[in-house]
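The first residue in the sequence is number 1, and the count goes up from there.
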Amino acid sequence: MSGSILDAVPGDVLSAVVGAGVAGAAGATRWLVTRRLPARRIWRFDEGTDAVVVVATLVKADTNQNRLATGLGQVRGVSLIAPSLMRAYRSANVENIRLSALVGGSDLERNLVVLGGTKNNAVTERILSGLGGQLPFTLTRSGEVINWQGDIRESDFQNGKVVRDYGVIVRSVNPMAPGKRIVLLAGLRTYGTVAAARWLLSQGGARQLPADVAVLVEADVLPDQHVGVPRMIHQSRL
C-alpha cells in the first residue's frame, strides 16, 4: 500500500481536481479585481461596513393623519446603488434604510449613504453644515438653488415640467463621526438625486477621483421622467 493517498488517484482525475481549484481561485481573483475592488473605490467605506441608507422624508396627508413617506427619486436612487453596495461589501444590508425624520443619534455615527436635498432631508442639512467651509458650494432657497463658487444653477423648466436638473455628490469623512464616512447624493429636485446616483456609479470608482470630493452634475429629464446620462460640471477635492 502506498504511503501517499495521491498514489491511489488516477492522473487525469488529479489533474481535473487541481484544474478546478486553479480555475476557482482565478475566478475569485477576477471577481475581486473586476467587481469588488472597483465597487469599493466608489464607496470608500471600511471593510466591515454596515452602512445606513438615509432617504428624504415627505409628509403626506392620509385621511385625518399625516404619514411619512419618501419620494420617487429616493426610491430610484436606492435601486441604483443597492447592487453596487452588495458587490463591494459582503456585510452590506440594503434593507438598512431610514427615513431622515426617523434617524436617531447613533445612526448618525455610522457610515452613511444619504439621498435627497436639504428641503426634505434634515440629515443632508446636518452634513453640509458639519462640513462647512470645506465645501465649494452652498444650497439656497430651500435647497432649490446651488451656488458653486459663483456659478448659480437651478432646475430648468419648459411648460411647467423639469427638463434639466442638477445634483451634487459629496464623499468625505462623516463630520458627526470622524472614524466613519459619508456619501451624499443630493438633487435640487428628485431628478437631480437620480443624476447624482447615476454619476457616482459610473464615474465614482475612477482611480484619479479623490477619496474626499465634491462634484456637481447636470442631466436632461425626458418627458417620461427618465433621467439622462449625467454630465459633470465641477469637481473639487475636499
Q: Search all heavy atoms of L209 against all heavy atoms of Q203 and return the closest pair with its distance.
A: CD2-O, 4.0 Å
Q | Under 3.5 Å: donor-acceptor pair, side chain of S202, backbone of R198 | A | yes
Q.
If I take atom CD1 from residue I127 and atom CD1 from residue I182, how far apart are they, to the nearest 0.5 angstrom?
A. 4.5 Å
(Q) As a test of understanding, state which of V145, V217, D156 forms a side-chain contact (heavy atoms from CB on, under 4.5 Å) with Y166. (A) D156
Q: Enter the distance from S155:OG to K161:NZ here, rounded to the nearest 0.5 Å.
A: 15.5 Å
(Q) I'd like to check R87 versus R36 (side-chain heavy atoms, cut-off strictly below 4.5 Å). Are they in contact? (A) no
(Q) Salt bridge or not between R164 and D220? Use side-chain N to carboxylate O under 4.0 Å. (A) yes
Q. Do W43 and V113 come close enough that some side-chain heavy atom pair is under 4.5 Å?
A. yes
Q: For S84 and I81, indicate whether the former's side chain and the latter's backbone hold a donor-acceptor pair under 3.5 Å.
A: no
Q | Shared hydrophobic cluster, V114 / L238 (ILVMFWY, side-chain heavy atoms < 4.5 Å) | A | yes
Q. What distance separates I169 CD1 from L184 CG, expressed to the nearest 0.5 Å?
A. 9.0 Å
Q. Any idea which heavy atoms bring A186 and G117 closest together, and the distance?
A. CB-CA, 3.9 Å
Q: Could you please spell out the steps behind the side-chain contact (heavy atoms from CB on, under 4.5 Å) verdict for V103 and L108?
A: CA-CA 7 Å; V103 171; L108 297 175; 3.7 Å; yes
**Q.** Interatomic spacing from CG in N121 to NZ in K119 - rounded to 0.5 Å
**A.** 13.5 Å
Q: Compare all side-chain heavy atoms of N147 with those of F137 and state whether any distance is below 4.5 angstrom.
A: no
Q. Between T118, V54, L115, which is the residue that forms a side-chain contact (heavy atoms from CB on, under 4.5 Å) with T124?
A. T118
Q: Check W148 against S236 and note the closest heavy-atom contact, atom names and distance.
A: CZ2-CB, 3.9 Å
Q.
Under a 4.0 Å threshold between the charged nitrogen and the carboxylate oxygen, would E109 count as salt-bridged to K180?
A. no
Q) More than 12 non-hydrogen atoms from neighbouring residues, nucleotides or ligands closer than 6.0 Å to CG on D224, yes or no? A) yes
Q: Looking only at non-hydrogen atoms, find the nearest pair between P210 and Q235 and report the distance.
A: CD-NE2, 3.6 Å
Q | Flag side-chain contact, heavy atom, 4.5 Å: I146 against I152 | A | no
**Q.** Whether N174 side chain and R110 backbone form a donor-acceptor pair below 3.5 Å
**A.** yes
Q.
Rounded at 0.5 Å granularity, tell me how far CG in L185 sits from CG in L200.
A. 5.5 Å
(Q) With heavy-atom distances below 4.5 Å as the criterion, would you say the side chains of V78 and V53 are in contact? (A) yes
Q: Answer whether the closest heavy-atom distance between the side chains of V163 and F157 falls below 4.5 Å.
A: no
(Q) For V215, is there any backbone N or O sitting under 3.5 Å from a side-chain donor or acceptor partner on R171? (A) no
Q. Do you know which two heavy atoms are closest between L99 and A56, and how far apart they sit?
A. CD2-O, 3.9 Å
Q: Indicate yes or no: at least one non-hydrogen side-chain atom of L188 is less than 4.5 angstrom from one of E144.
A: no
Q) Among the clusters formed by ILVMFWY side chains lying less than 4.5 Å apart, do M232 and V227 turn up in the same one? A) yes
Q | Heavy-atom pair of closest approach, residues R44 and Y89 | A | N-OH, 3.8 Å
**Q.** Between D212 and S172, a side-chain donor and acceptor under 3.5 Å
**A.** no
**Q.** R237 side, atom CZ; Q134 side, atom CD - distance, nearest 0.5 Å
**A.** 13.5 Å
Q) Can you check whether V183 reaches F45 side chain to side chain, under 4.5 Å on heavy atoms? A) yes
